[in-house]
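What follows is a short report on a single structure.
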Amino acid sequence: MKVAVLGAGAIGAYVGAALHRAGAEVHLIARGEHLAAMRRSGVRVLSPRGDFTAHPRATDDPYEVGPVDYVFLGLKANSYAAAGPMIRPLLHETTGIIAAQNGIPWWYFHRLPGPYQGHVIQSVDPGGAVTAALPLERAIGCVVYAATEIEAPGVIRHLEGTRFSIGEPDGSLSPRCTAFSGAMVAGGLKCPVEADLRRDIWIKLMGNIAFNPISALTRATMAGICRHRHTRDLVVTMMRETVEVARRVGCDPAISIERRLAGAERAGEHKTSTLQDLEKGKPLELDVILAAVVELADLTGADVPTLRAIHAVADLLDERVRQDLAATG
Ligand SMILES: NC(=O)C1=CN([C@@H]2O[C@H](COP(=O)(O)OP(=O)(O)OC[C@H]3O[C@@H](n4cnc5c(N)ncnc54)[C@H](OP(=O)(O)O)[C@@H]3O)[C@@H](O)[C@H]2O)C=CC1
Ligand SMILES: CC(C)(CO)C(=O)C(=O)O
């Protein structure tokens, strides 16, 4: 099996190292100092499950890699629309694209029977630009339950979790999902193929939609947000509104707010990926996490005053980050 990891950052390099360890032909596509370090010394994974180093090939040029069986997309979702030129050299007729993103994916309404089948969510796929870069027939969904960080160039800190649930947009148990799952399991990861991945998407999103923007706005960790009475109440309200939107688009996450909150609280003094991006001066990945759900509320007539308010202030914060980035080059 030949796999290209496009955007071999915290999650991508971790998955690439695990697949390579189990014998897959893995090509990491990255850039900058992190790429230089991986080329020099491989990917060093530091994990409570045991440290290891893997030496997959690494490059910044997808033409060097050529067509692969799977592209594992480790880019932030806000880079997907511009990823077309990087992806095209990696595709053959049946290449599958597995996107490790948080939030609502661009393929959400693809092959979903019901009133919204084929609907394009503009906050996720503006003007269809993501679908143009990542064709729907190639999309394989993925919900990431692992938490990793780039501790230093070439060094991935794995904090917790090894589950990467995957699934077809039409819910079928396809040979391409089964084969990828087998390679992940051989690499020591969990990779169940789900018949209803959208349920996993909403369960994961109930946490991200609340904790990611609140953490960026307050700079608090997940445990810190849970400890503070008012932000704890805010999380509960945001989760409730999110479940209402999920139900209106035909998915019941079927988990109590208390259980979901307890799961997030167990992450402890963890900085969400959005807070980490803010601290590094990078754009915030909130369109797929928060704006998309507000847009779905508009589509379905759900009342989401709290999501709307948090979206307004988080979106302004993101605008300021982008302005600072543009000013400093
Ligand atoms: N990390 C985590 O614990 C979790 C992450 N996720 C999801 O996984 C996805 C990836 O997140 P994460 O791994 O944390 O993100 P990272 O920022 O660590 O990884 C993205 C990588 O892609 C690189 N990149 C961006 N553009 C290019 C390009 N044009 N060419 C080559 N490399 C490029 C980035 O380089 P540079 O830094 O130079 O921009 C970076 O190394 C996100 O959607 C996130 O929501 C989900 C759950 C948990
Ligand atoms: C916090 C975590 C690891 C799980 O909710 C996450 O998905 C993120 O940081 O974006």
Side-chain angles (χ1 to χ4, degrees), residues 4-16 27-38 43 58-62 65 72-87 90 98-106 124 130 133 142-165 200-201 203-216 220-223 225-226 235 239 260-261 263-290 325:
V5 178
L6 178 53
I11 285 291
Y14 176 65
V15 167
H27 299 257
L28 305 178
I29 303 173
R31 63 185 178 188
E33 268 185 59
H34 179 55
L35 169 62
M38 292 192 293
V43 182
T59 180
D60 58 1
D61 181 4
V65 179
F72 186 88
L73 206 53
L75 298 168
K76 286 272 160 58
N78 41 28
S79 329
Y80 287 1
M86 304 276 290
I87 295 260
L90 303 172
I98 300 156
Q101 67 165 101
N102 277 323
I104 301 285
W106 78 103
V124 168
V130 174
C142 181
V143 176
V144 178
Y145 294 92
T148 59
E149 294 170 13
I150 299 182
E151 183 164 294
V155 182
I156 305 299
R157 167 75 57 188
H158 171 229
L159 302 157
E160 54 152 4
T162 55
R163 182 148 63 102
F164 293 75
S165 297
D200 286 65
I201 288 173
I203 290 174
K204 178 89 204 286
L205 183 52
M206 283 167 69
N208 291 127
I209 201 167
F211 287 99
N212 290 40
I214 296 174
S215 66
T221 61
M222 294 182 66
I225 292 168
C226 291
V235 168
M239 285 188 179
R260 185 63 189 86
L261 186 59
E265 201 165 9
R266 276 198 293 277
E269 303 301 334
H270 173 65
K271 291 182 183 178
T272 69
S273 54
T274 307
L275 175 54
Q276 291 177 45
D277 285 342
L278 180 76
E279 290 182 345
K280 289 179 195 153
K282 289 184 170 186
L284 310 183
E285 197 188 31
L286 289 175
D287 285 346
V288 290
I289 290 176
L290 181 52
L325 201 58

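Whatever order the structure lists them in is the order used to number ligands and atoms, beginning at 1.
Scanning all protein heavy atoms for the shortest distance to atom 40 (C) of ligand 1 gives G9 CA, 4.1 Å. In terms of protein heavy-atom proximity, atom 3 (O) of ligand 1 is nearest to T148 N, 2.9 Å. The protein heavy-atom contact nearest to atom 1 (C) of ligand 2 is M222 SD, 3.4 Å. In this structure, atom 23 (C) of ligand 1 lies nearest to the protein heavy atom G7 CA, 4.0 Å. Among protein heavy atoms, atom 18 (O) of ligand 1 sits closest to A10 N, 2.9 Å. Looking only at protein heavy atoms, the nearest one to atom 30 (N) of ligand 1 is M86 CE, 3.4 Å. For atom 24 (N) of ligand 1, the closest heavy atom belonging to the protein is L75 CD2, 3.6 Å. In terms of protein heavy atoms, atom 5 (C) of ligand 1 is closest to I11 CG1, 3.4 Å. In terms of protein heavy atoms, atom 10 (O) of ligand 2 is closest to S273 OG, 2.6 Å. When hydrogens are left out, the protein atom nearest atom 6 (N) of ligand 1 is N102 ND2, 3.8 Å; that is the closest non-hydrogen contact.
Inter-residue side-chain proximity for C226 and V235 is flagged as unmet; no heavy-atom pair is nearer than 4.5 Å. Counting only heavy atoms from C-beta outward, the side chains of I29 and T59 approach each other to under 4.5 Å. L284 is listed as a side-chain neighbour of L278, based on a closest heavy-atom distance under 4.5 Å. V130 is not listed as a side-chain neighbour of V124, based on a closest heavy-atom distance of 4.5 Å or more. At a threshold of 4.5 Å between non-hydrogen side-chain atoms, the residues S215 and I225 count as touching. By the 4.5 Å heavy-atom criterion applied to side chains, E265 and F211 are not counted as neighbours. Residues S273 and N212 form a side-chain contact, since some pair of their non-hydrogen atoms from C-beta on lies under 4.5 Å apart. Two residues are said to be in side-chain contact when any heavy atoms from C-beta on lie closer than 4.5 Å; M86 and L75 fail this criterion.
Heavy-atom proximity to T272, at under 4.0 Å, picks out these atoms of ligand 2: 9 (O). Every atom of ligand 1 is numbered from 1 in the order shown, and the set under 4.0 Å from a heavy atom of V144 is 46 (C), 47 (C). For ligand 1 and K282, the ligand atoms under 4.0 Å from any heavy atom of the residue are 17 (O), 36 (P), 37 (O), 39 (O). Atom numbering of ligand 1 starts at 1 in the shown order; those under 4.0 Å from a heavy atom of Q101 are 43 (O). Taking a cut-off of under 4.0 Å to the non-hydrogen atoms of G74, the atoms of ligand 1 that pass are 10 (C), 19 (O), 20 (C). Residue K204 approaches ligand 1 through these ligand atoms, each under 4.0 Å from one of its heavy atoms: 47 (C).
Residue contact check for ligand 1: G32 places no non-hydrogen atom closer than 4.0 Å to it. Ligand 2 lies out of reach of Q276, whose nearest heavy atom is not under 4.0 Å from it. Contact between D60 and ligand 1 is absent, with no heavy atom of the residue lying under 4.0 Å from the ligand. Ligand 1 lies less than 4.0 angstrom from a heavy atom belonging to A100. Using a 4.0 Å cutoff on heavy atoms, K280 does not count as a contact of ligand 1.
Of all the heavy atoms of T274, none lies under 4.0 Å from any atom of ligand 2, so neither backbone nor side chain is involved. Contact annotation: for V144 versus ligand 2, there are no heavy atoms closer than 4.0 Å. Of all the heavy atoms of A30, the ones lying under 4.0 Å from any atom of ligand 1 belong exclusively to the backbone. Here A146 has backbone heavy atoms under 4.0 Å from ligand 1, and that is the only part of it that gets that close.
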- Decide side-chain contact (heavy atoms from CB on, under 4.5 Å) for I150 and I156; before the verdict, give the C-alpha distance in whole Å, the side-chain angles of both, and the deciding distance to 0.1 Å. CA-CA 5 Å; I150 299 182; I156 305 299; 4.0 Å; yes
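Scanning E33, E285, K76 for the heavy atom closest to atom 11 (O) of ligand 1 points to K76. Of the candidates E149, E160, R31, the one placing a heavy atom closest to atom 33 (C) of ligand 1 is R31. Summarising the contacts of atom 5 (O) of ligand 2 with N102, I11, N208, the nearest heavy atom is found in N208. Residue nearest to atom 3 (C) of ligand 2, selected from K204, H270, M206: H270 (by heavy-atom distance).
Within the 3.5 Å criterion, the main-chain N or O of I104 finds a donor-acceptor partner in the side chain of Q101. Here the side chain of R260 pairs a donor or acceptor atom with the backbone of K204 at under 3.5 angstrom. Checked by atom type and distance alone, the side chain of T148 pairs as donor or acceptor with a backbone atom of A10 at under 3.5 Å. Side chain of E285 to backbone of A77: a donor-acceptor contact under 3.5 angstrom is found.
Ring-plane geometry between Y80 and W106 is classed as perpendicular, the angle between the planes exceeding 60 degrees on a 0 to 90 degree scale with a lower cut at 30.
In this structure, NE2 on H27 lies 9.5 Å from CG on L90, to the nearest 0.5 angstrom. E149 CD to H270 NE2: the interatomic distance, rounded to the nearest 0.5 Å, is 6.0 Å.
Between A13 and H34, the shortest heavy-atom distance links the atoms CB-NE2, 4.3 Å.
Checked by distance only, ligand 2 and K271 stay at 3.5 Å or farther apart across all their nitrogen or oxygen atoms.
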